[in-house]
Number of protein chains: 2
Amino acid sequence: MTVMTADRTQAAGAGDEAVTPTPGDVTELILQDIMAGILAPGSWLKQIDLERRYGCTRQEVRRALDRLAQKRLVQHVPNRGYHVHAPDGRQASEIAEIRLILEIGVAGRIVLNAGAPDVAQLRHLANEFDRLVLEGTLMELYEANLAFHSALLALAGNRELVELVTDIRRRTSSAPVSQWRTRARIEQSGREHHQMIAAIERRDGDALKDAITHHILQR
Amino acid sequence: MTVMTADRTQAAGAGDEAVTPTPGDVTELILQDIMAGILAPGSWLKQIDLERRYGCTRQEVRRALDRLAQKRLVQHVPNRGYHVHAPDGRQASEIAEIRLILEIGVAGRIVLNAGAPDVAQLRHLANEFDRLVLEGTLMELYEANLAFHSALLALAGNRELVELVTDIRRRTSSAPVSQWRTRARIEQSGREHHQMIAAIERRDGDALKDAITHHILQR
DNA sequence: GGAACCAAAATTGGCGCCAATTTAGGGCAA
DNA sequence: TTGCCCTAAATTGGCGCCAATTTTGGTTCC
């Protein structure tokens with residue numbers, strides 16, 4: 001009983017997936033469907049439906065719902081069930097504010113750390129985003145945007161930061177559709193990506209901050 | 001054979017305590033014990049031990065462990081169990097960096113928003129901290145410090161931010177003991193609290209930023 | 001004497017059943 | 001017809017049992 005033994009056998013990461021009707025984690029699948037708008041904000045997530053939809057067991061569903069509730073993506077009402085959280089305007093703007101502070105806060109570091117290969121990588125991701133504006137789905141666009149911003153933040157040399165921002169981003173984007181209303185705005189986002197890259201190449205931290213500000217506040 | 005059902009009678013065994021009918025959430029209890037250092041970093045958390053220690057069922061333990069694993073406070077190794085995560089130096093400094101960026105980022109807003117009652121409230125919390133330096137336990141001190149910083153951040157008018165920082169703070173402080181090594185450093189922290197308050201009263205955003213920087217980086 | 005091997009105990013993790021609670025529907029009375 | 005209540009169906013949530021895997025301890029062989 002009690003504790004001890006700091007036996008440190010390092011956990012093998014184990015990226016096991018595939019095989020069997022259960023591809024990976026049900027949490028991820030439900031999350032994707034929420035993001036895609038298939039599971040609309042406000043709708044009730046009946047365990048029996050999810051069970052059938054994803055071909056998994058009841059307890060897997062319950063664990064997934066509990067995790068999503070911890071992340072604030074769904075809300076739990078005891079003896080009633082779980083429903084998709086509908087983020088209000090206040091929360092959305094507060095989270096935008098946090099993103100702004102963080103990304104502005106590391107802009108200087110990004111400019112300092114970025115080398116030629118990093119810039120090339122960013123440019124590749126920005127181009128991928130532009131391509132998907134024409135040819136991709138909204139979901140692919142969302143992923144590409146996330147990839148660009150993750151790569152950008154990674155240049156600050158703070159891994160925790162990348163994960164943190166990825167997490168809080170998800171809190172507002174129950175349905176990414178609601179974010180990017182018009183195609184004009186999406187194309188504008190694409191141009192802003194290239195503005196950021198240009199600022200990084202010029203080692204112009206202030207210009208990068210401006211570009212990020214416009215990009216996040218979308219105005 | 002199987003002993004005890006959900007029988008609330010305290011298990012004899014080792015002289016454990018924590019005998020509550022079911023206080024609320026087991027997650028919180030385990031968290032407290034991790035923070036208190038009772039469950040040391042690196043130690044394995046056997047489900048059967050926790051079950052007995054907190055007088056709860058197996059599945060409550062499992063849910064709590066899963067939640068703590070989501071929050072990165074414990075690590076899960078399939079078929080081996082959960083052990084308390086031992087944060088490395090890199091992660092600790094990265095999280096300090098994030099806190100720094102966020103708190104500096106809202107320093108201006110805090111100075112603008114803080115009214116006389118807010119300052120009085122902060123001063124009360126700072127005094128409470130000072131009092132506990134002499135009379136309280138390390139755990140109480142930790143709580144008081146958290147209360148001060150939460151109140152400070154709340155002045156920025158961003159509720160999400162308060163919760164976010166509270167969350168990431170926990171990630172490094174598996175054992176708060178490791179943070180505040182010397183009493184001299186703790187007393188220094190107390191003085192810095194008052195420096196921050198003074199800066200807020202003078203509406204001096206830059207002074208507040210300096211004070212926060214020294215406080216977080218502890219140098 | 002040491003290492004590899006095998007059997008027994010301990011631990012984790014999953015599955016299914018069933019009780020508690022909530023929701024839906026139909027009948028009865030005003 | 002409208003409103004209320006009571007019963008039946010649906011849903012959530014908890015608990016115990018058992019299979020799979022790992023760890024421990026003892027034994028044998030080199």
Side-chain angles (χ1 to χ4, degrees), chain A residues 1-14 16-17 19-30 39-40 42-70 73-85, chain B residues 1-9 11 13-14 16 20-30 39-40 42-70 73-85:
Chain A
M1 56 198 73
T2 69
V3 288
M4 52 195 215
T5 57
D7 188 348
R8 170 90 331 108
T9 42
Q10 185 56 338
D16 57 26
E17 49 187 297
V19 223
T20 71
T22 329
D25 192 2
V26 197
T27 313
E28 208 54 39
L29 295 177
I30 299 178
L39 303 173
S43 62
W44 288 93
L45 301 176
K46 293 205 200 349
Q47 295 179 10
I48 205 167
D49 290 340
L50 302 177
E51 193 176 334
R52 281 199 274 258
R53 169 174 246 270
Y54 303 106
C56 61
T57 69
R58 174 67 58 100
Q59 84 167 4
E60 281 178 297
V61 169
R62 287 215 281 245
R63 177 162 50 205
L65 288 174
D66 186 71
R67 286 180 181 175
L68 292 173
Q70 295 297 308
L73 273 144
V74 304
Q75 249 188 319
H76 178 46
V77 184
N79 288 322
R80 290 277 314 271
Y82 298 80
H83 62 85
V84 181
H85 179 232
Chain B
M1 59 184 63
T2 54
V3 264
M4 78 183 186
T5 54
D7 193 332
R8 292 290 176 271
T9 56
D16 293 335
T20 31
T22 298
D25 193 3
V26 196
T27 313
E28 210 55 39
L29 295 177
I30 299 179
L39 303 173
S43 62
W44 288 94
L45 300 177
K46 295 208 204 330
Q47 295 179 8
I48 210 170
D49 289 339
L50 302 177
E51 192 175 334
R52 282 198 272 254
R53 167 172 249 270
Y54 303 106
C56 61
T57 69
R58 175 67 60 99
Q59 85 167 2
E60 281 178 294
V61 169
R62 285 216 281 248
R63 177 162 49 205
L65 288 173
D66 185 71
R67 287 180 180 173
L68 292 173
Q70 294 297 308
L73 272 144
V74 305
Q75 249 188 319
H76 177 46
V77 184
N79 289 322
R80 289 275 314 263
Y82 299 80
H83 61 84
V84 181
H85 180 231

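Quantities reported herein were computed from a predicted structural model and do not represent experimental measurements. What's counted below: heavy atoms across the whole structure, side chains too, no hydrogens, waters or symmetry copies. Letters A, B, ... are given to chains in the order of the sequence lines, protein chains preceding strands, and every chain is numbered from 1.
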Base versus backbone protein contacts along nucleotides 6-18 of chain C [heavy-atom cut-off under 4.0 Å; B, S, -] | -----SBBBB---
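Residues passing the side chain to side chain contact (heavy atoms under 4.5 Å, CB included) test with A/Arg67, sequence neighbours excluded: A/Asp25, A/Thr27, A/Arg63, B/Asp66, B/Gln70. Shown here are the side chain to side chain contact (heavy atoms under 4.5 Å, CB included) partners of A/Arg52, two or more places apart in sequence or in another chain: A/Ile48, A/Asp49. With sequence neighbours excluded, the residues forming a side chain to side chain donor-acceptor pair (under 3.5 Å) with A/Thr57 are A/Glu60, listed by chain and number. Shown here are the salt bridge (charged side-chain N to carboxylate O under 4.0 Å, His left out) partners of A/Arg80, two or more places apart in sequence or in another chain: there are none.
Classification of the B/Tyr82-B/His76 ring pair by plane angle, with boundaries at 30° and 60°, yields parallel.
The minimum heavy-atom distance linking A/Cys56 with A/Val61 is given by the pair SG-CG2, 3.6 Å. B/Leu65 and B/Gln47 get closest at one heavy-atom pair: CD1-CG, 4.1 Å.
Taking five base pairs at each end of the helix from C/dG1-D/dC30 to C/dA30-D/dT1 and finding the rotation axis that steps the C1' atoms of four pairs onto the next four gives two axes whose angle is 10°, to the nearest 10°.
Checked against B/Glu51 for a salt bridge (charged side-chain N to carboxylate O under 4.0 Å, His left out), the options B/Arg62, B/Arg58, B/Lys46 give a single hit: B/Arg58.
Going from atom CH2 of B/Trp44 over to atom P of D/dT24 covers 11 Å, rounded to whole Å.
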